[in-house]
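These numbers were taken from a predicted model, which means no experiment stands behind them. Order of the sequence lines sets the chain letters (A, B, ...), proteins ahead of strands, with each chain counted from 1.
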Amino acid sequence: MSEIWSYLSRGELVWLTATLVAYLCGDWAFRASGRSPLVNPVLVAVLILSGVLMVTGTSYPTYFEGAQFVHFMLGPATVALALPLWAHRGRVARVLVPMAAALLVGSVVAMGSALALGWGLGLPMDVLVSLAPKSATAPVAIGITEELGGLPNLTAVLVILTGIIGAIIVTPLLNGLGFTDYRARGFAVGVAAHGIGTARAFQVNEVAGTFSGIGMGLNAVLTAVLAPVVVRLFL
Amino acid sequence: MIGSIVILLSFQLAGEVIARGFGLPIPGPVIGLVLLVAALWLRPALEDTMRPLTSTLLGHLSLLFVPAGTGIVGNLDTVRDSGLALLVVLVVSTALAIVAGAWVFAVLARRFAPEDGA
């Protein structure tokens, strides 16, 4: 039994399968909760996998050997956002001005408020730098952090947490404030909470999802341009 | 299905080549997205071909973030030292960014492009 385990735990197959099973559990829990935003599928899956890794004493790099095949699909999925964008092109073209303004404001508020608040709470400098690009999608944010001298692994985690938090709070927050325009709601969560926010927006409706995908793509670019400037201003 | 996968990967590849070749700060997949929109404009029939794959992929977008999120087990020291402060920062700044973005969009959209019944 322990021989089988020592073979499997080194193998990629176990951790790839575990990732998919954990996600299915998360998705099942989400549906069982009546699609509550509080039961976020990514959060559930991450909690399950973290527990399994800690209990079995498996290192993250070992786990990632198997999980990288899933992680890799982030790129093709980003390209795939072209389809909803194309399908809703008429609707998108009419709101170029609101999109440009909301992008700039959302991106600056995301970075500026995080740095100001983190500095006020006394977070160390390398953590602050790693925090700056948290609203951009994972591969972009990691690249930015590397360039600015932050901690890439920490940025990856902060990016995912930001996405999960955004996906959990967006619906109750914007319902409470009375926002009914799904273009605005989707776009704002895409800018603030990248792909996980976009996944949530697609759960709500396709218009919100489409605009969220656009917000995520545009903010990936804008964060890459603005993060070095904002970090230098603050630190 | 295989054809659609090849199309997605080819556009991502083209995007990466352009991003690296010209030293652009734009991620390769985002350039690939723009190129694919251009291709759909030139050949609208592509939309029907690719729909089954892209709908499946985007329907399970959450799954793709699970491996990176699990990286939290590699950062338990930081979580122990600054976890609460980080959580406060992330919740407050994400909420502020969502509200600010949605507010600016909604106000300007009311002026420039009233909602189209969506």
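The contact between A:Val127 and chain B is made entirely by side chain atoms (from C-beta outward), counting heavy-atom distances below 4.5 Å. In this structure, the portions of A:Ala87 lying under 4.5 Å from any heavy atom of chain B include both its backbone and its side chain. Proximity to chain B involves both the backbone and the side chain of A:Leu158, based on heavy atoms less than 4.5 angstrom apart. In this structure, chain B has heavy atoms under 4.5 Å from both the backbone and the side chain of A:Leu74. In this structure, chain B has heavy atoms under 4.5 Å from both the backbone and the side chain of A:Leu83. Interface residue A:Thr19: backbone and side-chain heavy atoms are both found under 4.5 Å from chain B. B:Leu9 touches chain A through its side chain: at least one heavy atom from C-beta onward sits under 4.5 Å away, while N, CA, C and O do not. Neither the backbone nor the side chain of A:Gln68 comes within contact range of chain B; no heavy atoms are under 4.5 Å apart. For chain B, the nearby parts of A:Leu117 are the backbone and the side chain; heavy atoms of each come within less than 4.5 Å. For a residue to count as touching a neighbouring chain, one of its non-hydrogen atoms must lie under 4.5 Å from one of that chain's; by this rule B:Leu96 touches chain A with backbone and side chain alike. No part of A:Pro61 comes within reach of chain B, as not one of its non-hydrogen atoms sits under 4.5 angstrom from that chain. Contacts between A:Met54 and chain B at a heavy-atom distance below 4.5 Å involve the side chain alone, from C-beta outward. Within the 4.5 angstrom heavy-atom criterion, only side-chain atoms of A:Val140, from C-beta onward, approach chain B. Residue contact with chain A, scored on non-hydrogen atoms closer than 4.5 Å, involves the side chain of B:Leu76 exclusively. Neither the backbone nor the side chain of B:Arg110 comes within contact range of chain A; no heavy atoms are under 4.5 Å apart. Residue A:Leu154 touches chain B through both its backbone and its side chain, counting heavy-atom pairs closer than 4.5 Å. For A:Leu85, the part lying near chain B is the side chain, with the backbone staying farther off; criterion is any non-hydrogen pair under 4.5 Å.
Per-residue heavy-atom pair counts under 4.5 Å with chain A were compared for B:Val30, B:Leu35, B:Asp81, and the maximum is reached by B:Val30. Top candidate by heavy-atom pairs under 4.5 Å with chain B, chosen from A:Ile144, A:Leu173, A:Leu177, A:Val170, is A:Leu173. Ranked by heavy-atom pairs under 4.5 Å with chain B, the first of A:Leu104, A:Asn153, A:Val189, A:Val191 is A:Asn153. The residue among B:Ile72, B:Leu61, B:Leu40, B:Leu58 with the most heavy atom pairs within less than 4.5 Å of chain A is B:Leu40. Ranked by heavy-atom pairs shorter than 4.5 Å toward chain B, the options A:Glu147, A:Arg185, A:Met99, A:Arg89 are led by A:Met99. Of the listed residues (A:Gly26, A:Ala199, A:Gly197, A:Gly166), the one with the most heavy-atom contacts under 4.5 Å to chain B is A:Ala199. When each of A:Ala77, A:Gly112, A:Ala224 is checked for heavy-atom pairs under 4.5 Å with chain B, A:Ala77 comes out on top. The candidate with the highest count of non-hydrogen atom pairs below 4.5 Å against chain B, out of A:Gly195, A:Gly209, A:Gly217, is A:Gly195.
Proximity to chain A among residues 86-95 of chain B is limited to B:Leu86, B:Leu87, B:Val88, B:Val89, B:Leu90, B:Val91, B:Val92, B:Ser93, B:Thr94, B:Ala95, judged by heavy-atom separations below 4.5 angstrom.
For the pair A:Ile196 and B:Ser62, the minimum side-chain heavy-atom distance is 4.5 Å or more. Taking 4.5 Å as the limit, some side-chain heavy atom of A:Tyr63 sits within range of a side-chain heavy atom of B:Pro67. Counting heavy atoms from C-beta outward, A:Val70 and B:Val66 have side chains that stay 4.5 Å or more apart.
Side-chain rings of B:Phe65 and A:His71 stay apart, their centers remaining 6.0 Å or farther from each other.
The aromatic rings of A:Phe211 and B:Phe105 sit perpendicular, their planes meeting at an angle over 60°, well past the 30° parallel limit.
What you find for A:Ala188 and B:Ile98 is that their closest heavy atoms are CB-O, 3.3 Å. In terms of heavy atoms, A:Leu121 sits closest to B:Ala85 at CD1-O, 3.9 Å. Taking both residues in full, the closest heavy atoms of A:Gly106 and B:Ala97 are given as O-CB, 3.7 Å, listed atom of the first, atom of the second, then distance.
Separating the CZ atom in A:Phe72 from the CG atom in B:Leu64 is a distance of 11.5 Å, to the nearest 0.5 Å.
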